[in-house]
Every structure is written in structure tokens, then in C-alpha cells.
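Values reported hereafter were calculated over all heavy atoms of this structure, with side chains retained and with hydrogens, waters and symmetry mates removed. Sequence lines set the chain letters: A, B, ... in the order given, protein chains first and strands last, and positions in each chain run from 1.
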Number of protein chains: 2
Amino acid sequence: MSEQPSDFTTVAPITRRSLHDELVARLRDMIVEGELRPGARLPEKELCTRFGVSRTPLREALKVLASEGLVEISPHRGATVVQISRADIEEMFPVMGALEALAGELACANVDAAGIAEITALHHQMVAHYHRKELADYFRLNQQIHERILEAAGNATLSALHRSLAGRVRRARYMANMSAQRWAQAVEEHEQILAALTARDGKRLAELLRRHLQHKAEVVIANMAADGGAAQSAAG
Amino acid sequence: MSEQPSDFTTVAPITRRSLHDELVARLRDMIVEGELRPGARLPEKELCTRFGVSRTPLREALKVLASEGLVEISPHRGATVVQISRADIEEMFPVMGALEALAGELACANVDAAGIAEITALHHQMVAHYHRKELADYFRLNQQIHERILEAAGNATLSALHRSLAGRVRRARYMANMSAQRWAQAVEEHEQILAALTARDGKRLAELLRRHLQHKAEVVIANMAADGGAAQSAAG
DNA sequence: CCTCTGTATCTTGTATGCATAATGATCTCC
DNA sequence: GGAGATCATTATGCATACAAGATACAGAGG
């Protein structure tokens, strides 16, 4: 055959998503994106009519989300979206810092020129958004950069754990009000992060990422303290 | 009333475990302890008769285990115990190393004298088992020490992630054949670990734990290579 | 008037039944 | 005789029905 076999590997796989898989994805998005507020009850019947499915796949989905730490299930009392406390956030950030630090070390060892170029491009886009004060876009690029560093580390286990934590933390939506000073500092930190990655200085990148996450934590916690905790913002 | 209300809060809560929770725990144990071998199929009907439950709670349990990474579910083809590849193990240990390193730092900052005494006692018991060449007991104490360091760190998120990874790694049952030389080295490393904890030298403890995990990884990987991978040891 | 208890209702937990896709065996064609 | 296709069997995916516990309301007692 003249056709290259690799063509077959590049075609989009036929996604035969079962209902429960689809429900897990949809519900997770709704929780992470804030559509389902922390503390909100998740009555099976209501969700069933909403998604047009029966209770069986829905319940399977809720169990999975519970094991991911996004919802809490009380026996005979149903599922609720978990409240993120300040203590939870304070716990999660050091762990994310450790994971990203490891990712930084591994990335410096494994990343190729194309990977660095990609992250550099994302970085410049992010800085452009910063100068235009486009917070949402800045935040999106910021997230992508961190994800790409994780990806460059080439460790699927590490990526999975980080993604899980990042999803939970993201619900705190701390980006809302960040001071101009902190924003400038964050961009400066990202400059140094990029420099360390380009120089493939693993130790330095690890330390930069750890500190970067620590500063992020301070912003989030200050923000939570300011509006009395994101958990309480349930007013429609 | 002369009775103190606090009396009521101290009684052990009645644990009303639902069937699916019980099934998750039982199946997880069976997988981690090796009763269910890697690659083994998990037919719903057979497990239902075995546990005396219907398919609904069993399926919910399998979904949870799948999200924990212990079983794999293929659409319309059922669940199987996941095969741990050498690459998976090589990925997991650096992550566990990073988590334990963080735990070491936090433990040094948070642990009290009682905690140190407890870990010291466990350490001496472990060393006694070493001198008597009681591998299983040694390994159990070893595991307890690492768990207690995690606990002393006082970070539930960190503990949960570590426990999840430790459970998956434990299935590789690397303790089987460890060289006398490596065993002696491991005990020596534990001596240093205890010393660093007692001195509350967080940086040093972190580095010791990271290296300790790295050495453990080498043993596991050598062991897997020796018998052609634990995954293949399906012969009853 | 307040509190406690009993009951009704609703939600969740579990079992069962039906629909559908995958596996394996048999038959046919080459 | 071997390879491929078709059909039967089996297991999974989903829906529904039944059981049991939790919540809320009402009534009785203090």
C-alpha cells in the first residue's frame, strides 16, 4: 500500500462515550466552572430530568465525582458540591507546588526545542494580554503554560494528580480581584520561569515554580478572607 | 441535666456503610493485596454471586475503582485489574518522592515530641525485625513509618494522594527479593531519616526521603525486570 | 405556647428486567 | 482444508420498580 500507516493513527478516534462517562465530564465541568455552586445539593431526580437519563448512570457518575473529591455523598441524604474551606486551599497549594517543582525538573531534562518554543509563544501571548489588562485571557494562557510544563515533564501520573488538584483549586476563582502589584509580580515570575526552562536549569525552575505557587496561594487566601470565603457566595 | 453533652459526641459513630462503599473497600483490598491479579477480568455476574449483591452497587464500585486507577473499564467489554508496566512504576516513584519530601519538610515543622517518639519506636521495632530477617514484618513497619511521617505533616490532601499512589505501587510486591546489601542500605537510610526528623531538619529530611524513594524505585524496577514484569506473573 | 413524638412524604439504595454490543462457534465458500 | 461471514450466546449498559431510611409537618402532651 502506498498509504502511510501513520495516517490511521492520526484520525480522530471514534468516541463511544457511555452515558456515565459523559455525565462525569459534564458535571465536573459544571462544578469546576462554578455553574454548580459549592454546597449546592444534587438531587438525582432533578439532574435526571435535566440530562434526560435514568438514575443508574447518573448515580455512577456521582460516585466517581465523589472519589475525585468534587462532590460529597451522605448516605440516604444525597450528594452535594463540596465546600472548599480556607484550610483545604492552604493544604492544596504546597502539594501543587511540590508537583510543579518536580515537573519543572523533569521538563528541563526532557523538553525539546519545539516544546520550549511552544511555551515561549504562550508566554508572549500571556504578556500581551497582561499589557492589555485582559484578565480572563491572561489567566487562560497562564493555565496553559503550567499545563504545558507538566506535559513537557512526560510523566502521566504527575499530570493526572496535578490536573485533579488544579480542578479543585480552580473553583475558588481567585483570579477575580488581583492587585496590579501582584499581577506585575506574577508576570515577572513567569519571565524567570521561562528563562530557567530555556536554560534547562531544573533546580532553579523547581524553586521558582514552588515560590510562584506559594505567592498564588497567598492571593487566593487573601481573596477568600476578603469576601468571607468563596463557599459563602451562594447568593444567586 | 447533670450529664455532660460531650459524652454523646465521644461515642463511636454507628458506621452505616452502604453496599457500594463496602464493595469499593473489599475490591480495593483484594486488588492491592494481590488476590485479584493484574489483568484479571472482573465479570459483574461472578462478583455479584461472590459478594451476594446485585449488579447496581457492584457497578458503582467498579466505576469508583476505575477513577482511582486500579481497574480499567472498556465499553461493553467489562472491567479488568490494571496492568502495572515498568514505565508506570518509573513514573510513580519520583512523584511519591516529591510528595514524601514535602511531607518531610512539613513534618519537621509540625511534629510534636509525641509524634517523634512514636516514629522512633516504630523505627526500633523495624530494625529489630531487620536483624531477625523477618522481611514481612520489616516491610509492614517500614510502611507504617512512612505513613506516620505523612500523618505528622498534617496535610490531608497530601496524605490522600500519597496513599493512592502507595496502594497502586504496592501491587508490584517488590519486597519479595531484596538483596542483603540493599536491605542494609535501606535500614541505614532510615537511621538518617529518623535523625533528620529528630533534629527537625526539614531540608535534609526532604532530600533523604527523595533519595530513599529513588533507591526503592531501583529495587522495584530491577525486580520487575528480573521476573519479566509482575504483570506476567499470572500463573496460579 | 413550646416541645416532643408519630406519621406521611420524599429521596436515596438496591434489585431486576430489557436492549444492545461483543465474543465465540458453526457453516459456507474458495 | 482454511478463511471469512453469519448467527447464537453472553455480558454489559441503561431503565424501571421496589425497599428503606431521612426529612418535615402535624398533633398531642406538658
Side-chain angles (χ1 to χ4, degrees), chain A residues 1 13-28 30-31 36-37 39-68 70-83 234, chain B residues 1-3 5 7-9 11-28 30-31 36-37 39-68 70-83 234:
Chain A
M1 303 296 182
I14 300 173
T15 54
R16 307 174 18 77
R17 304 189 74 163
S18 51
L19 283 182
H20 54 260
D21 276 344
E22 183 72 28
L23 286 170
V24 167
R26 294 272 287 274
L27 285 169
R28 181 163 40 210
M30 289 171 72
I31 292 172
L36 292 172
R37 296 302 182 92
R41 299 206 52 192
L42 299 170
E44 296 178 0
K45 197 176 178 183
E46 185 186 319
L47 292 175
C48 284
T49 58
R50 188 165 175 178
F51 290 114
V53 299
S54 83
R55 286 177 53 216
T56 305
L58 180 84
R59 283 175 57 81
E60 291 175 354
L62 289 177
K63 292 285 181 301
V64 170
L65 293 172
S67 85
E68 289 180 11
L70 286 175
V71 313
E72 192 173 359
I73 296 180
S74 308
H76 288 285
R77 295 201 302 183
T80 56
V81 180
V82 292
Q83 304 263 2
Chain B
M1 303 295 184
S2 60
E3 301 176 43
D7 284 349
F8 290 97
T9 65
V11 298
I14 300 173
T15 54
R16 309 172 9 75
R17 303 190 72 164
S18 53
L19 284 182
H20 52 258
D21 275 344
E22 184 71 28
L23 286 170
V24 168
R26 295 272 286 274
L27 286 169
R28 181 163 40 210
M30 289 170 71
I31 293 172
L36 291 172
R37 296 301 183 91
R41 298 206 52 193
L42 299 171
E44 295 177 2
K45 196 177 178 183
E46 186 186 318
L47 292 175
C48 284
T49 59
R50 189 165 174 177
F51 290 114
V53 299
S54 80
R55 285 178 53 217
T56 306
L58 180 84
R59 282 174 57 81
E60 291 175 356
L62 288 177
K63 294 285 181 300
V64 170
L65 292 172
S67 86
E68 289 181 10
L70 286 175
V71 314
E72 192 173 359
I73 296 180
S74 309
H76 288 284
R77 295 201 303 184
T80 57
V81 181
V82 291
Q83 305 263 4

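- For the pairing with A:Glu44, the salt bridge (Lys or Arg N to Asp or Glu O under 4.0 Å) check across A:Arg50, A:Arg59, A:Lys63 returns one residue only, A:Arg59.
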#### Entry: Contact letters for nucleotides 11-17 of chain D, in which S counts primed atoms plus P, OP1 and OP2 and B counts the base, heavy atoms under 4.0 Å
-BBSBBB
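- When side chains are defined from C-beta on, B:Val82 does not count as touching B:Ile31, because their heavy atoms never get closer than 4.5 Å.
- Interatomic distance, CG of B:Leu70 versus CE of B:Met30, reported as 13.0 Å (0.5 Å rounding).
- Helix-axis bend for the helix from C:dC1-D:dG30 to C:dC30-D:dG1: the local axis fitted to the five terminal pairs at one end deviates from that at the other end by 0°, rounded to 10°.
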N/O contacts under 3.5 Å, protein versus nucleotides 5-8 of chain C?
none

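- Residues meeting the salt bridge (Lys or Arg N to Asp or Glu O under 4.0 Å) test with A:Glu72, sequence neighbours left out: none.
- In this structure, CG in A:Leu58 is found 13.5 Å from NZ in A:Lys45, a value given to the nearest 0.5 Å.
- Once rounded to the nearest 0.5 Å, the distance linking CD of A:Glu60 with OG of B:Ser67 reads 12.0 Å.
- Protein atom CD of B:Glu22 is 15 Å distant from nucleotide atom P of C:dG13, rounded to whole Å.
- Under the 4.5 Å side-chain criterion, counting only non-hydrogen atoms from C-beta, B:Phe51 is not in contact with B:Leu19.
- Looking at residues two or more places apart in sequence or on another chain, you find a side chain to side chain contact (heavy atoms under 4.5 Å, CB included) between A:Ala25 and A:Arg17.
- Remark: A:Thr56 pairs with no residue by the side-chain hydrogen bond (donor to acceptor under 3.5 Å, both in side chains) rule, at least two apart or across chains.
- Tested against B:Leu23, the residues B:Val53, B:Leu65, B:Val64 include a single side chain to side chain contact (heavy atoms under 4.5 Å, CB included) partner, B:Val53.
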